[in-house]
Amino acid sequence: MLGKKSLWQVGTDHAGIATQMVVERKLAAEGQPDRHALGREEFTRKIWEWKEHSGGTITRQMRRLGNSVDWETERFTMDDGFYKAVQEVFIRLYQDGLIYRGKRLVNWDPKLHTAISDLEVENKDVKGKMWHLKYPLADGLTYTDEDGVEHSHITVATTRPETMLGDTGVAVNPEDPRYKHLIGKEVILPFVERRIPIVGDEHADMEKGTGCVKITPAHDFNDYEVGKRCKLPMINILTFNADIREEAQTFTTDGSVNNDLSGFIPEKYRGMERFAARKAIVADFEEAGLLVDIVENDMVVPYGDRGGVVIEPMLTDQWYVDAKTLAKPAIEAVENGDIQFVPKNYENMYFSWMRDIQDWCISRQLWWGHRIPAWYDEEGNVYVGHDEAEIRAANHLADDVELIQDEDVLDTWFSSALWTFGTLGWPNLDDPEVARRMADFHPTDVLVTGFDIIFFWVARMIMMTMHFCKDDDGTPQVPFKTVYVTGLIRDEVGQKMSKSKGNVLDPLDMIDGISLDDLLQKRTGNMMQPQLAEKIGKRTQKEFPDGITPHGTDALRFTLAAMASTGRDINWDMKRLEGYRNFCNKLWNASRYVMLSVAGEEAVEKAAAEGTQIAITDEMKAACGVSPSGQGEPVVLSLADRWIISRLQHAETEVRRHLDQYRFDMAAQALYEFIWNEYCDWYLELSKPVLWDKNASEEEKRGTLGTLVRVLEATLRLAHPIIPFITESIWQQVKDLAGKTGDTIMLAEYPAPRDELIDAQAEADIAWLQGVITAVRNIRAEKNIGPSKELDIILKDGDDEDFRRADENQTFLMKLAKLGKITWFNEGDTLPMATTQLVGQMEVLVPLADLINKDEEIARLNKEVEKLDKEITRISKKLGNEGFVAKAPAAVIEKEKDKLAGYERDQGKIKEQIEAIKAL
RNA sequence: AGGACUAUAGCUCAGUUGGUUAGAGCGCUACCUUGACAUGGUAGAGGUCCCCAGUUCGAAUCUGGGUAGUCCUACCA
């Protein structure tokens, strides 16, 4: 519509963990063999199958919503082309020294058997216990505390007693007077009988627990750091299931295998499940008289957000990306404004995460994902390359050297991070098509996303893109210039929508409607927690007793736009949706009126009955001022015509401005107001006196009919981005009448305001007209006079403008206010018993001798006087304030003075009126 | 613990750089099947702008402090 070359790149990622999990669960539910029985190849084939038939939910919704995306270039992060990009990126980063492999502590999900990222860990508040355990000092050492009590033990506090099997030290604060003399001494780890040192480390907090912390570097992130600082070895006591191992694995501080240290685990704990082991160990401490205390403890426990079980820090070999190096330019790009967040406050969120970024663990122990392009020989040497042959050649490896590819896959976000350039065909830049697309569409302009994705996607896309995509002069390219952050759609009470809560609303159901039964089935069928079904069912039944009625796509889109104020979550309100459905209906009916006016009832009804388009004839075009030759027919524009054209220019200005500023809510609001409150409420009504006037000239009728059509046509184009379907449908009918050509409104020009069409005089005149009409309607309502009864009115105290306007707009006034006669009050006339309204300085009088109670009328007017009194007092006070007069801008003072004068004049008029009535 | 966001009509939300008689939709009241539309029309009622203090001639808007709610980050002794 703006004539710009554009691409909306759509696609989906492969959601590694979630997808693998869903399919595993499905296999289990169907009684099929699990993935280990199937084997890697067969299992991934199953996932592909599943993806084929149920992977399109989101894109189906997008299609129905009419999103104007380029479907031909739809991509999936597991498609072949994408793998090329992923592989290339991995290899280059490895060569650049930005990817490395190492033994580190990771968040391990014991259920899903994979490392997961910090961001996939959900920390839950839990009421737990802390156990105080005594570790005996080695070599019979004792010490005396400040109270003179002698101790042969040191007491540590822990919330995870089972990890003591892997303790390699006890830390005390080097400043702690109670314990610092023990630094360098040793304790005997109960049951394991291992001698472990007491070390001094800042990590030990004198205030917390007992002041002594057991250190288990292989099973705790803090301890891991302490272990590194104090050169403690690491002992892994858990299997990947998080059960106690038969024999522990021992490592030195740097992660290499430590053969000097025993991996002994007391027989009774071997193979125990971690929480069972916890119980057993606590019991044994108690029995041994080493359990000092159990303290209730509020704490936070990490759960895997997918698997739902407690995460275990685990020492494993993983691949890492040096995120700190990549983050540097990515931070700068946002700092210097190359990338802007809308709304801006999300930049802080981005900075706070990026400035404290940890190296990114990219390997996952899954089967669904991009296999890591790394191979190992028998000695454990690592080779990274595109394939085995390339690696052999590059490293001069003989054919009989066995190479085994890394079993792990890459984090889904690793591939998602390549989205902006990977989807354009990178790295095949030698392909002219790819080069052209990169030149046309990279950097891209806008990324639309939810705030919860800023860390996952946005940050990583920025890092990767800036590393790999450069201008000819080597300047890094940003992936996009603007990040538009949408709010989340929540349910009507502000809860996040989720399947387990059963409060999810499918946009398709709001578009097409759904019966209560189907909705219940959808929400409660096939649930992970069937015990919730009843509750969800009840709630659904209460909220949607009749299901959901159809509202249509445009209504849904308009609602989403109208609710999209900056960065704010939206509590979904069906009533708003209904309101905007009515709006669409209003637009439809308005266009019906236009077509009836042009084509006549017969043609319109016939087309409606047959479901066809109205046949537009040359006569119809001519009636709208479009002659077959393409030359405009002569027209005369009425005041109303000039007014609505002028108002349209304002609407166009507003809508465009709001769209440019991503204020879709305000753009929607501006459209709503223009279409309903101006075009429908006033202009259509004002067109009737002209069109239905037998005495009106051809030129006048053409002027009005043409304006009806042209303003509608432009409005459709203006509204098209928000409500594409209805606008297209109507546009196909009116385009010819408006002298427009083209197959689709999608390719029609977006309306731009033209200054020369703004008509201040017409706007002022119509405002006056509206004032008079509203005044009369007001009197009607107040006096309970039906709208069909004709009224005679008297105008009093008008100036030249009032005379002119009343004279020029008699027809409009008579018709819209349903008047019989308009007369001017002349000096010396006797004032009849009447009720009044003010329009500026002019009085509108409706003589209603029989309907007016003198006292009531006076009371009503007195109320007006009081109301004005308040305002007058307020403004007088303001103007009497020396500070205000001295310091406020002249324009503001002038405005206040005008207001005051206006109120005083009105009040004077009303007081006069009261006197006049009293005198009757 | 640190941070962000939110608090405006019965409900869902606007209110751009301080100057409005504080707005919209829905709901509510009264009247109306007038030749686009009852998914409608006309006219209304309805608000200590969460509280307190400050800055200012002037605060829904700016500052500080509270209260309530939502969320994020960190924290398993």
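Every heavy atom of this structure was used, including side-chain atoms; hydrogens, water molecules and symmetry mates were not. In what follows, chains are A, B, ... by sequence order, proteins preceding strands, each numbered from 1.
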Enquirer: Between B/A59 and B/G64, how many Å separate the two C1' atoms, rounded to a whole number?
Expert: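 These two C1' atoms come out 15 Å apart once rounded.
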Enquirer: With both distances kept under 3.5 Å, what pairs with B/A7, Watson-Crick or G-U wobble?
Expert: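 Pair assignment: B/A7 / B/U67.
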Enquirer: Under 4.0 Å between a side-chain N or O of A/Asn778 and OP1 or OP2 of B/G44?
Expert: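 It does, given that an N or O in the side chain of A/Asn778 lies less than 4.0 Å from OP1 or OP2 of B/G44.
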Enquirer: For nucleotides 13-19 of chain B, give me one character per nucleotide, 5' to 3': B if any protein heavy atom sits under 4.0 Å from the base, S if the only such contacts are to the sugar-phosphate, - if neither.
Expert: SSS---B
Enquirer: Pick base, sugar-phosphate or nothing for A/Leu684, based on heavy-atom distances below 4.0 Å to the nucleic acid.
Expert: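 The residue A/Leu684 makes base contact.
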Enquirer: So how far is it from A/Leu560 CG to A/Trp572 CH2, rounded to the nearest 0.5 Å?
Expert: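 That separation rounds to 4.5 Å.
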Enquirer: Should B/A60 form a Watson-Crick or G-U wobble pair with both distances under 3.5 Å, which nucleotide is its partner?
Expert: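 Check on B/A60: unpaired, no WC or wobble geometry under 3.5 Å.
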Enquirer: Could you give the distance from OG1 (A/Thr549) to CE (A/Met510), rounded to the nearest 0.5 Å?
Expert: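 So the OG1 of A/Thr549 and the CE of A/Met510 are separated by 11.5 Å.
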Enquirer: When all nucleic acid strands are considered with a 4.0 Å heavy-atom cut-off, which category describes A/His132: base, sugar-phosphate, or nothing?
Expert: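 Here A/His132 touches no strand at all.
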Enquirer: Just call it for A/Thr159: base, sugar-phosphate, or nothing, with non-hydrogen atoms closer than 4.0 Å on any strand.
Expert: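 Counting heavy atoms under 4.0 Å across all strands, the contact made by A/Thr159 includes a base.
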Enquirer: Taking a pair as Watson-Crick or G-U wobble with both distances under 3.5 Å, which nucleotide is matched to B/U12?
Expert: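 In the structure as shown, B/U12 has B/A24 as its Watson-Crick or wobble partner.
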Enquirer: Under 4.0 Å, counting only non-hydrogen atoms across every strand here, what does A/Tyr580 touch: a base, just sugar-phosphate, or nothing?
Expert: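 No contact.
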Enquirer: Is A/Ala590 touching bases, backbone alone, or none of the nucleic acid, heavy atoms closer than 4.0 Å?
Expert: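 Here A/Ala590 touches the bases of the nucleic acid.
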Enquirer: Find the distance A/Lys783:NZ to B/A30:P and express it as a whole number of Å.
Expert: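 After rounding, the gap between these two atoms is 19 Å.
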Enquirer: Name the closest nucleotide to the A/Pro313 side chain, picking from B/C37, B/A24, B/C76.
Expert: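 Looking only at side-chain atoms, A/Pro313 lies closest to B/C76.
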Enquirer: Using a 4.0 Å heavy-atom cut-off, does A/Asp205 contact any base of the nucleic acid, only the sugar-phosphate backbone, or nothing at all?
Expert: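 Base: the residue A/Asp205, judged by heavy atoms under 4.0 Å, touches a nucleobase.
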Enquirer: Between A/Asp898, A/Leu868, A/Thr873, which is the residue that forms a side-chain contact (heavy atoms from CB on, under 4.5 Å) with A/Tyr903?
Expert: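 So the option named by the test is A/Leu868.
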Enquirer: With a 4.0 Å cut-off on heavy atoms, is A/Arg780 in touch with a base, just the backbone sugar-phosphate, or nothing at all?
Expert: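 A/Arg780: no heavy atom of the nucleic acid under 4.0 Å.
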Enquirer: Quick one: label A/Val156 by what it contacts on the DNA or RNA (base, sugar-phosphate, nothing), any heavy atom closer than 4.0 Å.
Expert: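 If one applies the 4.0 Å heavy-atom cut-off, A/Val156 turns out to touch nothing in the nucleic acid.
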Enquirer: Contact class for A/Cys212 (heavy atom, under 4.0 Å): base, sugar-phosphate, or nothing?
Expert: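 Base, at least one base heavy atom under 4.0 Å.
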Enquirer: Give none if B/A1 has no partner; otherwise give the nucleotide forming a Watson-Crick or G-U wobble pair with it, both distances under 3.5 Å.
Expert: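 Its partner is B/U73.
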Enquirer: Over all strands shown, is A/Thr774 touching base, sugar-phosphate only, or nothing at heavy-atom distances under 4.0 angstrom?
Expert: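 It contacts sugar-phosphate atoms only.
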Enquirer: Quick one: does A/Asn107's side chain get under 4.5 Å of A/Phe221's, heavy atoms only?
Expert: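 Answer yes - side chains close enough.
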Enquirer: Given B/U21, B/C71, B/G40, which nucleotide is nearest the side-chain atoms of A/Glu871?
Expert: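 Looking only at heavy atoms from C-beta outward on A/Glu871, the closest nucleotide is B/U21.
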Enquirer: Under 4.0 angstrom, heavy atoms only, what part of the nucleic acid is A/Asn123 near: base, sugar-phosphate, or nothing?
Expert: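 Base, at least one base atom sits under 4.0 Å.
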Enquirer: So A/Glu685, base contact, sugar-phosphate only, or nothing? Heavy-atom distance under 4.0 Å.
Expert: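 Here A/Glu685 touches the bases of the nucleic acid.
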Enquirer: Using a heavy-atom cut-off of 4.0 Å across all strands, would you classify A/Trp692 as base, sugar-phosphate, or nothing?
Expert: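 It contacts base atoms.
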Enquirer: Quick one: label A/Ala891 by what it contacts on the DNA or RNA (base, sugar-phosphate, nothing), any heavy atom closer than 4.0 Å.
Expert: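 No contact.
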